[in-house]
Amino acid sequence: MAPVVKKTDAVKKAAAAKKAVLKGTAKVQRKVITSTTFHRPKTLRLARVPKYVRKAVAKAPLLDQFKVIKFPLNTETAMKKVETHNTLVFVCDVRANKKQIADAVFKLYQVKAANVNTLVRPDGTKKAFVRLVADADALEVANKIGFI
C-alpha cells in the first residue's frame, strides 16, 4: 500500500482557496414565495429622450382674458346693477368659471372682484355679475370701458 500522506495546513488552505475561487463563497438563499399569483417584477423604466419635438409650436391657452369676457352688457337692468349694487355685467365664454372671470376682469380693467355670480342664458351664452370691492366704483369702470 501506498503511504498515506498527511496534508499540511498550507496545502489545506490552498485547496480551500481554490474551491472558494471556483465555486464562490456566497450562499445561495432561495426566496420564499408566499403568494399563489405571479406578479411580474418592476424593472427599470427610462425616461423618453426624443430625437425631435413632436409639436413645432406650443399650444396657446384655451381661455385667455380676451376670450373669457366677450363684451359688457349695458341693458337697463345691467345699468341699475352698476348704479345700485356696484356690479358690472358681462357676457362670457360658457366654458369659463368664476375664478377665470374674476381674473379676466382684473387683467382687463385693473379692478378686483368681490364676488362673481353666473348664469347660462336661454340662448346658450353665460352672463356674469361681477360685484366689485368697496373701494372700486363700478360707474367709473363702466365709464372707462365706455358703455355709459
Side-chain angles (χ1 to χ4, degrees), residues 9-148:
D9 286 340
V11 174
K12 284 182 184 175
K13 266 189 171 178
K18 179 183 175 186
K19 183 180 172 188
V21 168
L22 290 174
K23 284 181 85 177
T25 57
K27 291 185 178 179
V28 177
Q29 187 173 2
R30 295 201 170 257
K31 186 176 181 183
V32 178
I33 300 170
T34 57
S35 174
T36 57
T37 55
F38 174 74
H39 296 289
R40 188 173 51 81
K42 299 243 188 304
T43 57
L44 179 66
R45 290 185 181 177
L46 296 171
R48 290 184 176 190
V49 185
K51 301 279 189 249
Y52 64 95
V53 290
R54 296 299 191 264
K55 287 185 178 180
V57 179
K59 194 174 181 181
L62 187 68
L63 292 172
D64 60 348
Q65 69 262 27
F66 303 108
K67 281 188 178 175
V68 168
I69 293 180
K70 291 182 178 177
F71 55 88
L73 266 186
N74 57 353
T75 58
E76 282 184 39
T77 53
M79 293 312 297
K80 190 173 182 184
K81 287 244 185 232
V82 168
E83 292 162 5
T84 58
H85 298 295
N86 202 34
T87 300
L88 296 171
V89 184
F90 297 101
V91 173
C92 301
D93 193 295
V94 179
R95 297 166 295 177
N97 59 33
K98 293 180 181 187
K99 181 93 172 93
Q100 288 171 328
I101 293 169
D103 289 342
V105 168
F106 183 74
K107 285 179 184 174
L108 290 173
Y109 309 117
Q110 292 79 40
V111 287
K112 281 200 170 187
N115 76 321
V116 178
N117 291 329
T118 59
L119 61 89
V120 177
R121 303 188 329 188
D123 63 350
T125 58
K126 184 178 271 191
K127 193 194 307 188
F129 300 95
V130 181
R131 189 163 59 85
L132 304 180
V133 291
D135 59 318
D137 186 28
L139 271 169
E140 287 178 19
V141 177
N143 253 335
K144 192 169 88 172
I145 295 170
F147 70 86
I148 288 186

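Worth saying up front: this structure is predicted, and the values here are computed from it rather than measured.
- Pairing each heavy atom of K67 with each of L62, the nearest pair is CD-O, 3.3 Å.
- For G124 against V94, the heavy-atom pair with the smallest separation is O-CG2, 3.0 Å.
- Taking OG1 of T75 as the reference point, atom NZ of K127 lies at 6.0 Å (rounded to 0.5 Å).
- Here the straight-line distance linking atom OG1 of T84 with atom CE of M79 works out to 10.5 Å at 0.5 Å rounding.
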Taking it one step at a time, do F90 and K70 satisfy side chain to side chain contact (heavy atoms under 4.5 Å, CB included)?
CA-CA 7 Å; F90 297 101; K70 291 182 178 177; over 6 Å; no
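- The number of heavy atoms from other shown groups lying within 6.0 Å of CD (E76) does not exceed 12.
- Here CD of Q100 is found 5.5 Å from CG of L63. Values are rounded to the nearest 0.5 Å.
- With rounding to the nearest 0.5 Å, the separation of CG in D9 from NZ in K12 is 6.0 Å.
- Between the side chain of K126 and the backbone N or O of A96 there is at least one donor-acceptor pair closer than 3.5 Å.
- When all heavy atoms of K98 and T118 are compared, the closest pair comes out as CE-OG1, 3.6 Å.
- Under 4.0 Å is where a charged nitrogen must lie from a carboxylate oxygen, and between K99 and D103 at least one such pair does.
- Evaluation of the salt bridge (charged side-chain N to carboxylate O under 4.0 Å, His left out) rule for R45 yields no partner, not counting sequence neighbours.
- Side-chain atoms of K144 come within 3.5 Å of backbone N or O of Y109 as a donor-acceptor pair.
- Shown here for I33 and S35, the closest heavy-atom pair between the two residues is CG2-O, 3.4 Å.
- Counting only distance, with no hydrogens or angles, the side chain of T125 and the backbone of R121 share no donor-acceptor pair below 3.5 Å.
- The line from CD1 of I101 to CZ of F129 is 11.0 Å long, rounded to the nearest 0.5 Å.
- Considering every non-hydrogen atom in both P50 and R54, the closest pair reads CB-NH1, 4.1 Å.
- Surrounding CG of L119 are more than 12 heavy atoms belonging to other residues, nucleotides or ligands, all under 6.0 Å away.
- By the 4.5 Å heavy-atom criterion applied to side chains, I145 and V141 are counted as neighbours.
- Here the shortest heavy-atom pairing between L88 and A138 reads CD2-O, 3.8 Å.
- The side-chain hydrogen bond (donor to acceptor under 3.5 Å, both in side chains) test with R131 singles out one residue from N117, N115, N86, T87, and that residue is N115.
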